[in-house]
Each structure stands twice: as structure tokens, then as C-alpha cells.
Amino acid sequence: MARKEMYTLKVDGRVVWTSNRLPYMKKIANETLELDNGFFAEILRYNKTYSTRFYNTKWNR
């Protein structure tokens with residue numbers, strides 16, 4: 001049986017990163033928002049929203 005990745009990072013609607021480990025997800029999201037001039041980042045946990053952030057706000061969780 002294949003192991004499913006727990007967390008998924010989406011920036012502006014496209015999947016940027018998937019992993020079972022959360023510690024660096026927000027760091028990767030912040031760097032991606034800055035480098036790609038992104039507007040909205042979202043971390044999903046098993047397809048449900050875990051945390052969100054707009055380019056000019058802090059993480060909500």
C-alpha cells in the first residue's frame with residue numbers, strides 16, 4: 001500500500017510541495033510567495049485547510 005503524503009502546500013492554487021513533515025512548510029511557502037510574487041498560500045492536511053496566509057498577513061495558525 002502506498003503511503004499518502006499528509007501535508008500539501010499550495011501557492012496561488014498550484015501544488016508546490018507535499019510532505020509528511022510540517023516544520024519547514026511555512027518557510028518554503030514564505031520563500032515561494034516572495035520569489036514568485038505570490039498572493040495566497042495554503043497548507044492542506046489530508047485535503048482540508050490547515051493554515052492560510054495572504055502575502056501581506058501572518059499565518060492564521
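Since the structure is predicted, the reported quantities are computational estimates derived from the model, not experimental observations.
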Holding to side-chain hydrogen bond (donor to acceptor under 3.5 Å, both in side chains), I want the full list of residues that pass it with [X], two or more places apart in sequence or in another chain.
| X | answer |
| --- | --- |
| W17 | none |
| S51 | N60 |
| T49 | E42 |
| R14 | D36 |

- Task: Evaluate the side-chain proximity of T8 to N47: yes if any heavy-atom separation is below 4.5 Å, no if none is.
- Result: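 The answer is no, as the side chains (C-beta and beyond) never meet within the 4.5 Å cut-off.
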
- Would you call N20 and Y7 a side-chain contact if the rule is heavy atoms closer than 4.5 Å?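 No, their side chains stay 4.5 Å or more apart.
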
How long is the span from the [atom1] atom in [X] to the [atom2] atom in [Y], to the nearest 0.5 Å?
| X | Y | atom1 | atom2 | value |
| --- | --- | --- | --- | --- |
| M6 | M25 | CE | CE | 10.5 Å |
| T32 | L9 | OG1 | CG | 6.0 Å |
| K58 | K26 | NZ | NZ | 12.0 Å |

- Task: Only counting residues at least two apart or in another chain, list the ones meeting salt bridge (charged side-chain N to carboxylate O under 4.0 Å, His left out) with R21.
- Result: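 Salt bridge (charged side-chain N to carboxylate O under 4.0 Å, His left out) list for R21, sorted by chain: empty.
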
For [X], what residues pass the side-chain contact (heavy atoms from CB on, under 4.5 Å) criterion, not counting sequence neighbours?
| X | result |
| --- | --- |
| L33 | V11, A41, R53 |
| K48 | none |
| Y55 | F39 |

- Message: Looking at F40, I want to see if its CZ is surrounded by more than 12 non-hydrogen atoms of other residues, nucleotides or ligands under 6.0 Å.
- Response: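 Yes, CZ of F40 has more than 12 neighbouring heavy atoms, counting only those of other groups under 6.0 Å.
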
- Derivation and outcome, side chain to side chain contact (heavy atoms under 4.5 Å, CB included), residues I43 and T52: CA-CA 6 Å; I43 296 176; T52 58; over 6 Å; no

- Message: Assess the residue pair W59 and N30 against the criterion (side chain to side chain contact (heavy atoms under 4.5 Å, CB included)); give the C-alpha distance rounded to whole Å, side-chain angles, the decisive distance to 0.1 Å, and a yes or no.
- Response: CA-CA 10 Å; W59 288 99; N30 292 337; 3.3 Å; yes

- Query: Considering all heavy atoms of both residues, which atom of G38 and which atom of D12 are nearest to each other, and what is their separation?
  - Reply: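 Minimum heavy-atom separation between G38 and D12: CA-OD2, 3.2 Å.
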
- Hphob cluster co-occupancy, Y50 + I28, side-chain heavy atoms under 4.5 angstrom: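 Both belong to a single hydrophobic cluster.
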
